[in-house]
Amino acid sequence: MSVKGLGMTYRAPVREAGLRSALRSAVHRHYRHIEAVSELTFDLHAGEVVGFVGPNGAGKTTTMKILSGILHPTAGEARVLGQIPWRRKHDYLKQIALVRGSQPIGGPAELTVMDSLRYQQILYEIPKPDFRANLAELVELLDLDSLLDRQVRALSLGERMRAGLAITLVYRPKVLFLDEPTIGLDVTAAAALRRFIAGYAVQSGATVLLTSHYVTDVESLCERVILIEESRVRYDGSFASLDYFDREGNR
Ligand SMILES: Nc1ncnc2c1ncn2[C@@H]1O[C@H](COP(=O)(O)OP(=O)(O)OP(=O)(O)O)[C@@H](O)[C@H]1O
C-alpha cells in the first residue's frame, strides 16, 4: 500500500441558529472548508500490522474511508493492492474491508448473524467449501456458536463486534482497516479481540491498519505506528520510540 501526498478537504455548509438564518441560508449558502487530511505520505508492506493513532479529529477515519474507497480525496495518490481505492473496482472491494468499532455491522439489523454471513457469501461470491471452512474457523475463534441464529439488532456491543468481524473476515480480505475495534468493550472482551486480531493477522498474512485510542491495543498489536496530528503525519516509526501515549494518555 502506498499513499502519497493524500489530502481531503470537506466542504461543510455553515448555518447560524434561528429561523431567519435558516431562510437566509436556503438562498445564500455559505461553506466552510475543513482540511481533514493533508499531505499524507506512507507505505505499508504486505502483512504489516500498523497502528494509526492521533487525537480526536486528526483525520484517521477520513484516511481509512479514502483507502477503503468510500471517499474520494481532494489531493494526492494512493495505491492499495495495485489499485486506486476510490475507483471502487469490484475486484478491489472484494479484497479489502473496513470495520468500525462504533458500527461493526452494516446492513439490515433484522437479519440473523447467519443470514448476514450467507448474504456475504453471495455478495462476495465465496465458493461453498471456502465459505464453510472460513465460517467454521471464525465461529471457533470468535466464539460465535450461540450468536448465529440471533438477530443483529438484539446483540450487545461486544457480540456485535465479534459478529461484525466474522461477517467481514469470512471473505478473507487481504487488507483490513480496523477503526477503533475495541471501543466500548470491557477489559476481557477487548483482550479477547486483540488476541483474535493478532492471530488472524499472522495466520492470514493480511495487511492491517488499525486506529485506537487505547495504548494496549497499539502496543500489543503494532510494532510500527503512524501518528497523525492536525491532519498531518507527525511520526512514523516503532512503537517503542513513540512518546504520544505518554504525553497524551490513553485517548
Ligand atoms: N463529513 C464531514 N463533513 C465535514 N467535516 C468532516 C466530515 N467528517 C469529518 N470531518 C472533519 O474532519 C476532521 C477529521 O475527522 P476524522 O473523523 O477523520 O478524525 P479522526 O482522527 O478519525 O477522529 P476521532 O479520533 O475523533 O475518530 C475533523 O475536523 C472532522 O470534524
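Counting begins at 1 with the first residue of the sequence. Note that ligands are numbered from 1 as they come in the structure, with each ligand's atoms numbered from 1 the same way.
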Sequence neighbours left out, what passes side chain to side chain contact (heavy atoms under 4.5 Å, CB included) with Glu48? Give chain and number order.
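Glu48 satisfies side chain to side chain contact (heavy atoms under 4.5 Å, CB included) with Leu44, His45, Val50, Arg224 only.
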Distance under 4.0 Å, heavy atoms only, partner ligand 1: which residues pass?
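Under the 4.0 Å cut-off, ligand 1 touches Tyr10, Ile34, Ala36, Pro55, Asn56, Gly57, Ala58, Gly59, Lys60, Thr61, Thr62, Glu180, His213.
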What pairs meet the salt bridge (Lys or Arg N to Asp or Glu O under 4.0 Å) rule with one or both residues in residues 89-102, with sequence neighbours excluded?
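Every salt bridge (Lys or Arg N to Asp or Glu O under 4.0 Å) pair that includes a residue of residues 89-102, provided the two are not neighbours, is Lys94-Glu125, Arg100-Asp179.
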Any pair counted as salt bridge (Lys or Arg N to Asp or Glu O under 4.0 Å), so long as it reaches residues 196-222, sequence neighbours left out
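Listed by first then second residue: Arg194-Asp217.
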Side-chain contact, heavy-atom cut-off 4.5 Å: Asp115 with Tyr119?
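With C-beta onward as the side chain, the pair stays apart.
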Relative to each other, are the rings of Trp86 and His72 parallel, tilted or perpendicular (30° and 60° limits)?
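The arrangement is tilted - the two ring planes meet at 30° to 60°.
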Exactly one of Leu176, Val99, Ile197 should register a side-chain contact (heavy atoms from CB on, under 4.5 Å) with Pro181. Which one does?
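Single side-chain contact (heavy atoms from CB on, under 4.5 Å) partner of Pro181 among Leu176, Val99, Ile197: Ile197.
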